[in-house]
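What follows is one structure encoded as structure tokens, with my remarks underneath.
If you're wondering where the values come from, they're calculated on a predicted model, not measured in any experiment.
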Amino acid sequence: MAAVNGAGSDNQPAKHQEVGHKSLLQSDALYQYILETSVYPREPEPMKELREVTAKHPWNLMTTSADEGQFLNMLLKLINAKNTMEIGVYTGYSLLSTALALPDDGKILAMDINRENYEIGLPIIQKAGVAHKIDFREGPALPVLDQMIEDKKFHGSFDFIFVDADKDNYLNYHKRLIDLVKIGGVIGYDNTLWNGSLVAPPDAPLRKYVRYYRDFVLELNKALAVDPRIEICQLPVGDGITLCRRIS
């Protein structure tokens with residue numbers, strides 16, 4: 001890890017302090033400045049604790065970055081979200097960010113194929129006093145979404161939906177979520193800049209999983225850009241997050 005000031009030595013590039021960082025900022029030192037000036041000092045203690053616990057997990061790259069967690073927390077407050085959904089939970093950093101932002105009677109339908117990872121963060125979520133807002137479902141999300149689509153009472157019932165799961169199913173999720181989010185509500189798709197690989201040349205040396213999912217992310221971005229039912233805003237926060245506001 002680099003020194004706190006983010007400076008490298010002997011012409012070696014500085015490295016982010018943030019474990020599993022996904023920032024696309026060209027300057028590691030600038031990203032570190034953002035974290036230390038605007039993010040970490042305001043990070044709620046339970047989120048800090050969960051971030052530090054997750055950092056010890058071998059798959060820590062899967063976690064939501066601290067700056068993105070801060071962004072989601074403020075976004076939910078700005079849109080006065082109350083009924084939300086999260087597809088892809090991992091240890092629950094973004095889930096905790098959401099739970100802390102919602103009113104006491106707010107609800108989150110949270111789905112992940114791995115309950116074991118969720119239970120790493122669950123004691124911290126419980127200690128934060130927000131576990132009662134969370135309805136966790138273990139297993140694939142698509143069958144649950146299909147059941148909800150069949151029941152008209154769920155149509156247009158969600159204020160906000162966050163998707164950070166299997167990229168090869170993002171378009172399948174979108175086809176269903178567009179009916180479940182309310183008009184004026186927001187769907188957020190994470191990792192839509194995919195490690196910066198979307199503009200990499202064909203012969204670029206990419207990690208196997210990055211190369212595999214890249215085409216799915218490209219397909220999603222093209223589809224969202226021309227979907228007349230939504231307004232979109234793609235932000236270079238974390239690994240890229242695309243916000244979709246349903247308008248019809």
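In plain terms, the two heavy atoms of Asp67 and Gly238 that are nearest each other are OD2-N, 3.9 Å. The two residues Met47 and Tyr93 make their nearest non-hydrogen contact at O-CE1, 3.1 Å. Here the shortest heavy-atom pairing between Leu76 and Ala101 reads CB-CB, 3.9 Å.
Using a distance-only test at 3.5 Å, with no hydrogens or angles considered, no donor-acceptor pair links the side chain of Glu219 to the main chain of Leu171. Asn221 places a side-chain N or O within donor-acceptor distance of the main-chain N or O of Thr192, the cut-off being under 3.5 Å. Of the possible polar contacts, one joining the Arg176 side chain to the Asn172 backbone as a donor-acceptor pair under 3.5 Å is found. Not one N or O on the side chain of Lys182 forms a donor-acceptor pair closer than 3.5 Å with the backbone of Leu180. At least one donor-acceptor pair under 3.5 Å links the side chain of Lys133 to the backbone N or O of Ala99. A donor-acceptor contact shorter than 3.5 Å links the side chain of Asn73 to the backbone of Ser97. Between the side chain of Asp159 and the backbone N or O of Lys82 there is at least one donor-acceptor pair closer than 3.5 Å. Glu49 places no side-chain N or O within donor-acceptor distance of the main-chain N or O of Ile124, the cut-off being under 3.5 Å. Between the Asn195 side chain and the Ser197 main chain, no donor and acceptor come within less than 3.5 Å of each other.
Aromatic ring orientation, Tyr189 versus Tyr170: tilted (interplanar angle from 30° to 60°). Classified by interplanar angle (parallel below 30°, tilted 30° to 60°, perpendicular above 60°), the ring pair Phe160/Phe162 is parallel.
One finds the CZ atom of Arg229 at 10.5 Å from the CD1 atom of Ile247 (value rounded to the nearest 0.5 Å). Rounding to the nearest 0.5 angstrom, the gap separating the CD atom in Glu119 from the CG atom in Asn117 is 9.5 Å. Separating the OG1 atom in Thr242 from the NE2 atom in His174 is a distance of 11.0 Å, to the nearest 0.5 Å. Residue Tyr118 holds its OH atom at 10.5 Å from CG of Asp112, rounded to the nearest 0.5 Å. A distance of 11.0 Å separates CG of Leu243 from CG of Leu224, quoted to the nearest 0.5 Å. Summarising the geometry, atom CG belonging to Asp135 is positioned 10.5 Å from atom CE belonging to Met85; distances are rounded to the nearest 0.5 Å.
In the model, Tyr213 has no side-chain atom that pairs as donor or acceptor with a side-chain atom of Asp166 under 3.5 Å. Donor-acceptor pairing under 3.5 Å is lacking for the side chains of Thr54 and Thr63.
Between Ile230 and Ile178 there is a side-chain heavy-atom pair separated by less than 4.5 Å. In this structure, the side chains of Met148 and Phe158 come closer than 4.5 Å at one or more pairs of heavy atoms. No side-chain heavy atom of Val186 sits under 4.5 Å from any side-chain heavy atom of Arg246. Contact annotation: the side chain of Val130 approaches that of Leu100 to within less than 4.5 Å [non-hydrogen atoms, C-beta and beyond]. The shortest side-chain heavy-atom distance between Leu102 and Thr84 falls under the 4.5 Å cut-off.
At most 12 non-hydrogen atoms from other residues, nucleotides or ligands lie less than 6.0 angstrom from NZ of Lys48. Counted within 6.0 Å of OH on Tyr209, heavy atoms from surrounding residues, nucleotides or ligands total more than 12; the atom is thus considered enclosed.
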Next item on the list: Starting from the C-alpha separation in whole Å, work towards a yes-or-no answer on side-chain contact (heavy atoms from CB on, under 4.5 Å) for Met111 and Leu145.
Entry: CA-CA 10 Å; Met111 293 179 277; Leu145 298 179; 4.1 Å; yes
Note to self: Between Phe216 and Trp194, does the side-chain contact (heavy atoms from CB on, under 4.5 Å) criterion hold? Intermediate values first, please.
What the structure shows: CA-CA 10 Å; Phe216 293 107; Trp194 200 231; over 6 Å; no
Margin query: Under the criterion side-chain contact (heavy atoms from CB on, under 4.5 Å), I'd like the reasoning laid out for His155 against Ile149: C-alpha separation, chi angles, the key distance, then a yes or no.
Written below: CA-CA 7 Å; His155 286 216; Ile149 290 295; 4.2 Å; yes
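Partner of Glu68 under the side chain to side chain contact (heavy atoms under 4.5 Å, CB included) criterion, out of Asp239, Asp190, Leu235: Asp190 alone.
Cluster membership check: Val53 does not share its hydrophobic cluster with Tyr40, using side-chain heavy-atom separations under 4.5 Å among Ile, Leu, Val, Met, Phe, Trp and Tyr. No continuous path of hydrophobic side-chain contacts links Ile87 to Met62 [ILVMFWY only; heavy atoms under 4.5 Å]. Under a hydrophobic clustering in which Ile, Leu, Val, Met, Phe, Trp and Tyr are joined whenever their side-chain heavy atoms come within less than 4.5 Å, directly or via other members, Leu50 and Val39 fall into different clusters.
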